[in-house]
Amino acid sequence: MQVNNDFQPVIVAFCCNWCSYAGADLSGTNRLNYPANVKIIRVPCSCRVNPMFILRAFQKGADGVIICGCHPGDCHYTSGNYYTRRRITLLYSMLDFLGIERNRTRLEWVSAAEGAKFAAVMNSFVDEVKKLGPNRRLEDLRCRKQ
Amino acid sequence: MQRIGVFVCHCGTNIAATVDVKAVAEALSHEPGVVISQDYQYMCSESGQDLVKNAIKEHKLTGVVVCSCSPRMHENTFRKAAASVGLNPYLVEIANIREQCSWIHKDIASATDKAVILGKAAVAKVHLNAPLTAGESPVVKRALVIGGGIAGIQTALDIAEAGFDVDIVEKEPTIGGKMAQIDKTFPTLDCAACILTPKMVEAAQNEHITIHSFSEVSDVKGFVGNFTVTIKKKARYVDETKCTGCGLCTEKCPMKKVPNEFNMGLDNRTAVYIPFAQAVPKVATIDPNYCMMLKNGKCGICSKVCSVGAIDYKQTDRFIEQKYGAIVVATGFNPIKPDKYNEFAYSICPDVVTSLELERLMNAAGPNGGTLLRPSDKTHPHTIVFVQCVGSRCDDEKGKPYCSKICCMYTAKHAMLIREKYPDTEVYVFYIDVRTPGKNFDEFYRRAVEQYGVHYIKGMVGKVMPRSDGKIDVQASDLLSNEQLHINADMVVLATAIEPDKTARPLATMLTTQMDTNDFFTEAHPKLRPVESATAGIILSGACQGPKDIPETVAQASAAAAKAIGLLVKNSITCNPCVAHSDELMCNGCSSCEKVCPYGAITYQDKEFRMPDRTTAVRRVASVNPAVCQGCGACTVACPSGAMDLNGFSNSQIMAEVDAICK
Amino acid sequence: MQEAMIKRAKELLADGTVNRVMGWKKGEFAYDITPAVFDTAEELEQDFVCDDLTQANVSKYLIKESRKEGRILAFLKPCDTYSFNQLIKEHRIIRENVYVIGIPGGPKIDVEKIKAKGITGILSVKNEDYTLKIETIYGTETMPFYEAISGKCESCKSKKHVVYDELMGEEGDVLDSNRFDMVEKLENMTAQERYDFWRGELSKCIRCNACRNVCPACTCESCVFDNPASGISQKAAADSFEENMFHIIRAFHVAGRCTDCGECSRVCPQNIPLHLLNRKFIKDINSLYGEYQAGADTTSRAPLTDYKADDCEPSVVHERGAE
Amino acid sequence: MLKIAASRLNELFDAIAEKQTLYIPVDREPNTAEYKKYESGMTMSSALNTVRSAKDFFFPQTENLAEFKVEGKSIEVKDIRQENEDFVVFGVRACDARSFSILDKVFLSEPVDSFYKNRRDHGTIVTMACTKPAETCFCTVFGIDPTVPEGDVSVFSDGENYFFLDRTEKGTEFVKSVENFLEEGDAAKLAQVQEQARSVIKKLPLAGLSTDSFGGDKLNEHFNSEKWAELSEACIGCGTCTFVCPTCQCYDIRDFDTGHGIKRFRCWDSCMYSDFTKMAHGNPRTSQLERFRQRFMHKLVYFPANNDGEFGCVGCGRCLAKCPISMNIVKVMKALEVK
């Protein structure tokens, strides 16, 4: 596949406050680099991420959406990430069913201690989305940047 | 129209070196609603905060965005600053341009662009922020301690000391727990009973402490400050209020072949029993599995001999309901049963015992009156082999992955006590590592080796084989000399791993607290909040949170008490205002939200509504108890109509952030 | 059967068991049958119909009807009982106020399939030994019965009634249906082929909301798509994205609650196979979280309000065959 | 009369499409037709009518009205009109052809809707006479003769040839522009086909429907009728009838935030929807009964009251075929009929 090096994907990352957002902070504290394409939205728990938000991101021009939460069993709210896992699995499966590139979406478990993992995950996700190129199948043409 | 102030922090050079802060402030000044956009060296400093405060006053700001370090760092700082000049603290948003921008990017242009976008997202969010007021909920001035071991007793005593009522729920007929079974304690070698029993008595006599022995927690409802707990008082067939603990019934009971669990089944007790002499409460209990009267109605001797008429064969389980402000979990531990380890022959050889069994064998109140004899033939053992880490630090499913922490020290204690009392006995200890961190611990271990001549061998015991002559062949490897060893032992003592009590898991579910994969309760923060669970009002004491020795347990027990007292002294507690709420006009009462709520914060009620077509209708709608809700948001996604939303992280706020980022 | 139903309905009206009857009413032609509530024996005699062309699932009407005074008799086909049960589970229908008579299900005939054969001017349709005799203004036409079977009946999942107060006719079984065949066929396509398929289908959508409004799982007091505060309300799909958005979110909102009654596809004026989206979720739920049939009972936990600690990760999606 | 052999129709289409955009009905599925932009090789549908009506050409389901470009605090209004291109719609039936004149009464009366007007001015309507009406057809009730449709040009088929009759100036110009494809033909067989069609039309099951009980002066008779409760009982409140209807003309205007500006667009709305004409205080019609009544009162009473007795229905029968619960204007008229 041809990789367009000039393509700078817009990546939205939803991070739970207790684990992944702290993990992202740690990756900053440890000065671990990942591309500036990634912009983080803080949510209390990964289970706060409504499928509507994910579709909305694609509509408004995101090229990839990643959700990060506490590892299963470690949810600050006991069970939130378990619900996230089912919801997001089904949603991603549906997007795939509609022919939307499955690698534009990802769910990762990143703990507060995993700054290095956070950076690694973001690096690999940005690479993946860069390979896919701009989101065309789930975009709203009205939002395309002129 | 909103009047938003944007404050961009340099954080010295932490931000300013990679992000063009002036450009960020300039770019954000053009955002709709932004009336002032400034940058400053250290926004979190006194003068930086003053800058924010003055701007709020001068420009009559309705919202504040601080572009700085992580909100986990200074969100509270700026919220307090805003509140101090009359702006609702929840109208402050932080754009994290340090940890999530300047510290991870090297290119100034792209880092600046990103900082601007993060700032725009925060501005977009703050446009939709609503002033939130933290609710208050009253605190019931009573604590519950679940578990009456040394942890529970100490916690209860400390809470009572502060003047608060506290109840202990203990599932066994007596409090005391594991410590009551222990003979001597390390590293001082003083008698466990001598230091424990006075505390048990103190607890029993304290006017603020109520002990529910032979009882279990069967239901927990409510939330911090206001838990409603149902306690099941199991039928003991003896009226606690009448029994004087004289023990006559236990002497006369004809059913004398009941394995005595207090002595680890090494001797027998009667069907009606008092676990041990210093039991608290000193009240008899009838074991319905063995009592002839309860089983087939034939006997009734105890009832006849009881002079106070305390025996009541018709007693049933009773349930009492009580309100509490705080709950301390002190459910403790148990040694694992080593019967899965065939190589140690525990199941087939009575002279292979666990360390706790050894405690009883050596205890003056134990089956042999304190003389160490082999269980099989009651002879004096001359060679004893201790095997360390049985089931601890174990990779396979038979054992536990963690270090049980206390075994190295108690084995040193055992070895020392045996060598002291029976100098003709050779003691071998097989270990992987000897771990003795702790005050006077390593000195203690060295005394065992140097002063008492205990043979410590780094190596693994491969096989324990009982021989026909009654001896035990212990095959082991000495890793240091790289030799295979055969020891002709009389007894083998297994330092078995400890695990959380089996009642802890269902309890955790009732309390909605988290557990790790080993069923130890998870603390709110491993370093900074080690005695609280993540669930507000649920506090952890002792080995239920992780393996601990007695001094550590007592220390944590007092710490837990301090946390409970800290809660109980308050008349009310401030709730997190970022909680879910349901729009009753949109709610269709389907119960999806209720099912995913981990706290039981959502209830349903039938309410009468005036419908748009001017009729009235009774509809089932959800309502959220803001004192119970912790604000995870699971319900907001389960709700198809969007009737459920979350303060501080509303659907529209998050979508505004998404929009701003994707622009 | 129709005569027996009318007779039984009249008895139940007469003995006061019920005061109304939920059924279907004859139309102008053979096929334009409307769900209706009957109050009297005379009305039943005159207009009640339940024949091979009577397809509508009346469960959703019982939300409102069960909140009215008195008790209503409802005739439910096996598939309708699943919807009914699901609505009981979600506290939408008040069970005591409905007297359910289970009636045999299909296969029903879909007039669209007759029209697709080019047959027009249809006045009446009769099933004579599995040959349809169709009277039209242009003369009599015939076609095999099975070629006119409604889409929702072609892949019938169950002939068993999961809830009823009494049964008419014989009880059937849960069937081993082929209902996931088309989903599977799509899954085996490449992503581009799937994308093209769905674009072709969803681009036909006129956002009339028929699928949503007929759906027994879509019972929100106010739908997110009608609520401007939700941020995603739409009155029309102004861009292809919004067609996707509407149908993905709708399918997601009914995931684990959809009983696969097939009404969405039946009523779609543009013949979009919307049920495939719901079936995709059902198939995924069955394979990932264990067999689950919404509406089969009123107590079990729905798959999306439940979890297991060892549930699969979403990477199962990414690890499927080549894109 | 000028005619073209049926076998040569595509030559004509190719020629028209070369000059301007041409839309023809094509089969999506057997007997399910939709208008499509003509591309060489497409076959015109033989179905009686399209699922969606032809009103889309002048009053599309969504239409951008304006764009506001937003940068920081500055807003710039941009004209994004797109309705300035000539086009031909071929194969419109008589019912839809009449619907244009109904829509004209709404959109071309003062204040004139310039978007609609532009599309009308740029569009040429070529209608097609009906030969095989369906049971759901009742256009004759509203005075429409489906064998002689209105339009700029009417086309008649005798099975072998298509005959062209220009009826407006625009139509004459259109016929002239393609006249080298046409030849003079004998319309004798055509008259026979028409006669046959007329005899079928007389026998249609709905032919006897009468509008006598309706009209602008019948407000009081019908508004408070007790029949509405029963009629609307099964209505699920979807917009199918309004969206397939060639004469429904209600719309909503909305703004869409594109991230870099606002697109203001209008889109069809439906009086059947619970949020139709919703205002600050809520919806003026709060029950489905009122919404249902509104639609039919509009077509049968309010519209004729304001438009010289013209009813807001052309009898195309689409709502009869597509309503999920089979409730429709015919059932309403029959129920409310004063005998």
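Just so it is clear: chains get the letters A, B, ... in the order the sequence lines come, proteins before strands, and each one is counted from 1. Only a predicted model underlies this, so the values are computations on that prediction, with no experimental measurement involved. Scope of the values below: all heavy atoms of this structure, side chains included, with no hydrogens, waters or symmetry mates.
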Using a heavy-atom cutoff of under 4.5 Å, enumerate the residues of residues 37-55 of chain A that contact chain C, numbered in order, or state 'none'.
->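 Residues Pro51(A), Met52(A), Leu55(A) are the ones that qualify, each having a heavy atom under 4.5 Å from chain C.
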Ranking Met245(C), Arg199(C), His247(C), Glu193(C) by heavy-atom pairs under 4.5 Å to chain A gives rank one to Met245(C)
Top of Ile285(C), Leu186(C), Asp239(C) for chain A proximity - count of heavy-atom pairs under 4.5 angstrom = Asp239(C)
Excluding sequence neighbours, so at least two apart, what forms side chain to side chain donor-acceptor pair (under 3.5 Å) with Asn178(C)?
-> none
Give a yes or no answer on whether the side chain of [X] reaches the backbone of [Y] with a donor-acceptor pair at less than 3.5 Å.
X         : Y         : answer
Lys130(A) : Phe7(A)   : no
Ser265(C) : His275(C) : yes
Asp63(A)  : Pro134(A) : no
Asn286(C) : Tyr292(C) : yes
Asp297(C) : Thr299(C) : yes
Arg87(A)  : Arg85(A)  : no

Glu90(C): which of Lys60(C), Arg257(C), Arg95(C) passes salt bridge (Lys or Arg N to Asp or Glu O under 4.0 Å) = Arg257(C)
Report, as yes or no, whether the 6.0 Å neighbourhood of atom CG on Asn188(C) holds more than 12 heavy atoms from other residues, nucleotides or ligands.
-> yes
I'd like to know if [X] pairs up with [Y] as an ion pair, taking the criterion as any Lys NZ or Arg NE/NH1/NH2 lying under 4.0 Å from an Asp or Glu carboxylate oxygen.
X         : Y         : result
Asp260(C) : Lys157(C) : no
Asp110(C) : Lys113(C) : no
Lys280(C) : Asp284(C) : yes

Distance-only side-chain donor-acceptor flag, Thr81(C) / Lys160(C), under 3.5 Å | no
Classify the ring geometry between Phe118(A) and Tyr34(A) as parallel (under 30°), tilted (30 to 60°) or perpendicular (over 60°).
-> perpendicular
Any idea which heavy atoms bring Leu76(C) and Ser59(C) closest together, and the distance?
->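 Looking at all heavy atoms of both residues, the shortest contact is CD2-OG, 4.2 Å.
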Engaged part of Glu139(A) at the chain C interface, taking heavy atoms whose separation is under 4.5 Å = backbone
Kindly determine whether Glu242(C) and Arg142(A) satisfy salt bridge (charged side-chain N to carboxylate O under 4.0 Å, His left out), including the steps that lead there.
-> CA-CA 11 Å; Glu242(C) 290 190 328; Arg142(A) 296 170 296 177; 3.2 Å; yes
With chain A as the partner chain, list the residues of residues 307-316 of chain C whose heavy atoms fall under 4.5 Å from it, by residue number, and write 'none' if nothing qualifies.
-> Tyr307(C), Lys308(C), Ala309(C), Asp310(C), Asp311(C), Cys312(C), Glu313(C), Pro314(C), Val316(C)
Tell me the residues of residues 201-220 of chain C whose non-hydrogen atoms fall below 4.5 Å from those of chain A, in number order.
-> none
Below 4.5 Å from any heavy atom of chain A, which atoms of Leu288(C) appear? Answer side chain, backbone, both or neither.
-> side chain
Measuring heavy-atom distances to chain A, does Leu304(C) have an atom under 4.5 Å in its side chain, in its backbone, in both, or in neither?
->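 The answer is both parts of Leu304(C).
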Among Leu98(A), Leu95(A), Leu141(A), single out the residue with the greatest number of heavy-atom pairs under 4.5 Å to chain C.
-> Leu98(A)
